[in-house]
Amino acid sequence: MSLLNDDTSPLLQKTTLAEIASVASVSTATVDRVLNNRSHVRETTRQRVLQAKAALETGRRSSSRNRPWRLKVILPGDAGPSTEYLAQTLQTFGTLGNATIECEFVKKLEPALLARKLIAATGQGIDAVLFQALEHPRVTAAVEVLVQHRIPSLAMMSGLSNGQTIHTVGIDNRAAGRTAGYLMGRLTRQRGTVAVVIGADLYLGHEDREVGFRSAIRDGFKHIERVITLVGGDDRASTHRITKQAIVDNADLIGIYNAGAGNSCIASALRETDTSDEIVLIGHHLTEGSKAALLDGSMDIVLHMNLRAVAEQAIETVIAHLEKRDISPRTIHIEIVTRENLLGIQTNDAQLANSGPARQ
């Protein structure tokens with residue numbers, strides 16, 4: 001059942017410092033420092049205290065468990081507003097699901113650092129870990145360590161091919177890639193080359209999207225003679241640079257499928273080379289940047305994944321597993337967005353302007 005099972009706001013209940021301290025597993029002095037916004041408090045501790053306070057005050061819990069579950073969330077740092085928004089919504093659904101969320105950011109595309117963060121959770125009293133996976137032996141081994149300590153883990157957005165996570169929450173990336181390939185083939189007519197831009201080979205989700213894209217092109221669109229791969233390293237400047245270079249090096253470039261982040265950078269490269277009308281651009285994630293690109297015509301289609309749905313599904317799945325309840329995880333729906341149907345679709349980062357980032 002959805003964590004958002006009604007449309008009414010819960011009445012706030014009065015809580016004491018001692019009650020919050022007990023739920024958050026900290027001292028009353030620490031609670032006092034957090035609530036009065038004093039210094040010398042770790043950010044993860046601050047988040048835990050605030051989540052415990054919210055869980056106690058709202059009383060909206062999915063079980064009769066006295067102490068909320070402690071969930072660790074590990075996400076790539078400096079990965080853009082969509083990732084910040086995901087962290088924020090995970091904290092929201094954690095409160096509704098009787099859980100406190102400790103969100104940490106790790107340097108992106110660094111398997112050793114991610115593995116270290118995962119293993120560190122074994123000594124912190126964490127009940128479960130949620131993270132964006134990197135396809136690397138060290139990460140797989142770290143998940144196995146969690147299993148040995150009876151700490152379940154769940155992957156979001158991108159999973160592991162042979163890991164022991166309980167589930168991967170997100171879209172069907174192979175189907176998303178095939179959808180992009182079909183749309184690319186239908187929107188282009190002249191013979192030429194298309195490019196696939198991926199963040200890194202470490203993202204299994206990006207690999208699945210590329211495989212799906214290439215298979216759809218092979219199946220039905222012979223006018224696309226070549227499919228080349230560009231690796232942007234999940235970096236804005238690098239993605240912008242390699243896109244401009246690909247446009248220069250490939251005079252027959254007719255389309256770009258961005259399987260990762262950086263839609264705005266690619267759209268900017270198209271505008272700067274005056275090729276927006278010649279090159280079809282398809283990408284993922286509707287953000288304020290990609291919305292602007294759709295509106296000005298430098299981007300054609302966005303395959304949108306609602307990160308709020310990802311957060312709700314992730315929290316639901318983990319808590320159901322911890323409480324030994326059966327659940328049938330569902331694949332997140334892909335929305336095909338053009339500038340003609342933008343009205344009413346929430347971008348993945350619009351709320352950050354009002355609420356601030358998840359990371360202080």
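Across all their heavy atoms, Asn306 and Ile332 have their closest contact at O-CG2, 4.4 Å. Of all non-hydrogen atoms in Ala200 and Leu109, the two that sit nearest each other are CB-CD2, 3.5 Å. Among all heavy-atom pairs drawn from Ser238 and Val231, the shortest one is OG-O, 4.5 Å. Heavy-atom minimum distance, Leu130 versus Ala314: CD2-CB, 3.7 Å. Closest approach of Ser153 and Val143 over heavy atoms only: OG-CG1, 3.6 Å. Shown here for Asp300 and Ile279, the closest heavy-atom pair between the two residues is OD2-O, 4.0 Å.
A donor-acceptor pair shorter than 3.5 Å can be found between the side chains of Thr188 and His223. With 3.5 Å as the limit, one finds no donor-acceptor pair spanning the side chains of Thr239 and Arg236. A donor and an acceptor atom, one from each side chain of Arg308 and Thr89, are nowhere located under 3.5 Å apart. When only modelled atom types and interatomic distance are considered, Glu272 and His240 share a side-chain donor-acceptor pair under 3.5 Å.
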- [ ] Give the intermediate values and the outcome of side chain to side chain contact (heavy atoms under 4.5 Å, CB included) for residues Tyr203 and Leu134.
- [x] CA-CA 5 Å; Tyr203 289 134; Leu134 297 176; 3.4 Å; yes
TODO: Applying side chain to side chain contact (heavy atoms under 4.5 Å, CB included), run through Ile254 and Val280 and close with a yes or a no.
DONE: CA-CA 6 Å; Ile254 57 175; Val280 173; over 6 Å; no
- [ ] Apply side chain to side chain contact (heavy atoms under 4.5 Å, CB included) to the pair Thr193 and Ile224, showing each step before the final yes or no.
- [x] CA-CA 6 Å; Thr193 296; Ile224 296 178; over 6 Å; no
Task: Working for side chain to side chain contact (heavy atoms under 4.5 Å, CB included), residues Leu71 and Leu90 - done: CA-CA 10 Å; Leu71 308 181; Leu90 283 164; over 6 Å; no
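The hydrophobic cluster containing Leu322 does not contain Ile327, counting ILVMFWY residues as joined when their side-chain heavy atoms lie under 4.5 angstrom apart, directly or transitively. Both Phe93 and Met305 belong to a single network of hydrophobic side chains, linked directly or stepwise wherever heavy atoms of I, L, V, M, F, W or Y lie under 4.5 Å apart. Note on Ile247 and Val196: separate hydrophobic clusters, where clusters join Ile, Leu, Val, Met, Phe, Trp and Tyr whose side-chain heavy atoms are under 4.5 Å apart, directly or indirectly. No single ILVMFWY cluster, assembled from side-chain heavy atoms under 4.5 Å apart, contains both Ile119 and Val73. Taken together through direct or relayed side-chain contacts under 4.5 Å among Ile, Leu, Val, Met, Phe, Trp and Tyr, Val169 and Ile319 form part of one hydrophobic cluster.
Within the 4.5 Å cutoff, the side chain of Ile282 has no heavy atoms near those of the Asn258 side chain. Taking 4.5 Å as the limit, every side-chain heavy atom of Leu154 sits out of range of all side-chain heavy atoms of His321. Put simply, the side chain of Leu286 does not reach to within 4.5 Å of the side chain of Asn348, judged on heavy atoms. Residues Thr287 and Asn263 form no side-chain contact, since every pair of their non-hydrogen atoms from C-beta on lies 4.5 Å or further apart. Under the 4.5 Å side-chain criterion, counting only non-hydrogen atoms from C-beta, Arg241 is not in contact with Asp235. Val49 has its side chain out of reach of Val41: every pair of non-hydrogen atoms, C-beta onward, lies at least 4.5 Å apart. Counting heavy atoms from C-beta outward, Ser161 and Glu135 have side chains that approach closer than 4.5 Å. Contact annotation: the side chain of Lys53 never approaches that of Val34 to less than 4.5 Å [non-hydrogen atoms, C-beta and beyond].
Under 4.0 Å is where a charged nitrogen must lie from a carboxylate oxygen, and between Glu110 and Arg116 no such pair does. Note on Arg214 versus Glu210: salt bridge recorded, some NZ/NE/NH1/NH2 to OD/OE distance being below 4.0 Å. Classification of Asp208 and Arg174 as a salt-bridged pair holds, one side-chain N sitting under 4.0 Å from a carboxylate O. Checked for salt-bridge contact, Arg38 and Asp32 meet the test: a charged N lies under 4.0 Å from a carboxylate O.
Using a distance-only test at 3.5 Å, with no hydrogens or angles considered, no donor-acceptor pair links the side chain of Gln132 to the main chain of Pro76. Between the Arg138 side chain and the Ala115 main chain, no donor and acceptor come within less than 3.5 Å of each other. A distance-only check finds a donor-acceptor pair linking the side chain of Thr16 to the backbone of Glu19 [under 3.5 Å]. Looking at Ser158, its side chain does come within 3.5 Å of a backbone N or O of Gly205 through a donor-acceptor pair. A donor-acceptor distance shorter than 3.5 angstrom exists from the side chain of Ser215 to the backbone of Val211, with no hydrogens or angles considered.
In this structure, CG in Leu113 is found 7.5 Å from NZ in Lys107, a value given to the nearest 0.5 Å. Taking CG from Leu270 and NZ from Lys244, the interatomic distance works out to 10.5 Å, rounded to the nearest 0.5 Å. Atom CD of Glu84 is separated from atom CZ of Phe105 by 4.5 Å, given to the nearest 0.5 angstrom. Here Met156 contributes atom CE and Leu307 contributes atom CG; the two are 10.0 Å apart, rounded to the nearest 0.5 Å. Of the inter-residue distances, the one linking Met184 atom CE with Ile256 atom CD1 reads 8.0 Å to the nearest 0.5 angstrom. Here the straight-line distance linking atom OG of Ser290 with atom CD1 of Ile266 works out to 11.0 Å at 0.5 Å rounding.
Environment of CG in Asp274: sparse, with no more than 12 heavy atoms of neighbouring residues, nucleotides or ligands closer than 6.0 Å. For OH of Tyr182, the number of neighbouring non-hydrogen atoms (other residues, nucleotides, ligands) closer than 6.0 Å is 12 at most. Counting non-hydrogen atoms of other residues, nucleotides and ligands closer than 6.0 Å to CZ of Arg271 gives a total above 12. Around the CZ atom of Arg33, the shell of radius 6.0 Å holds more than 12 heavy atoms that belong to other residues, nucleotides or ligands. Other residues, nucleotides and ligands contribute over 12 non-hydrogen atoms within 6.0 Å of the CZ atom of Arg189.
For the side-chain contact (heavy atoms from CB on, under 4.5 Å) test with Leu118, the passing option among Val145, Ile151, Val106, Val139 is Val139; the others fail. Checking each of Ile126, Ile315, Ile101, Asp127 against Trp69 for a side-chain contact (heavy atoms from CB on, under 4.5 Å) leaves exactly one that passes, namely Asp127.
The aromatic rings of His284 and Tyr257 lie tilted to each other, with the angle between the two planes from 30° to 60°.
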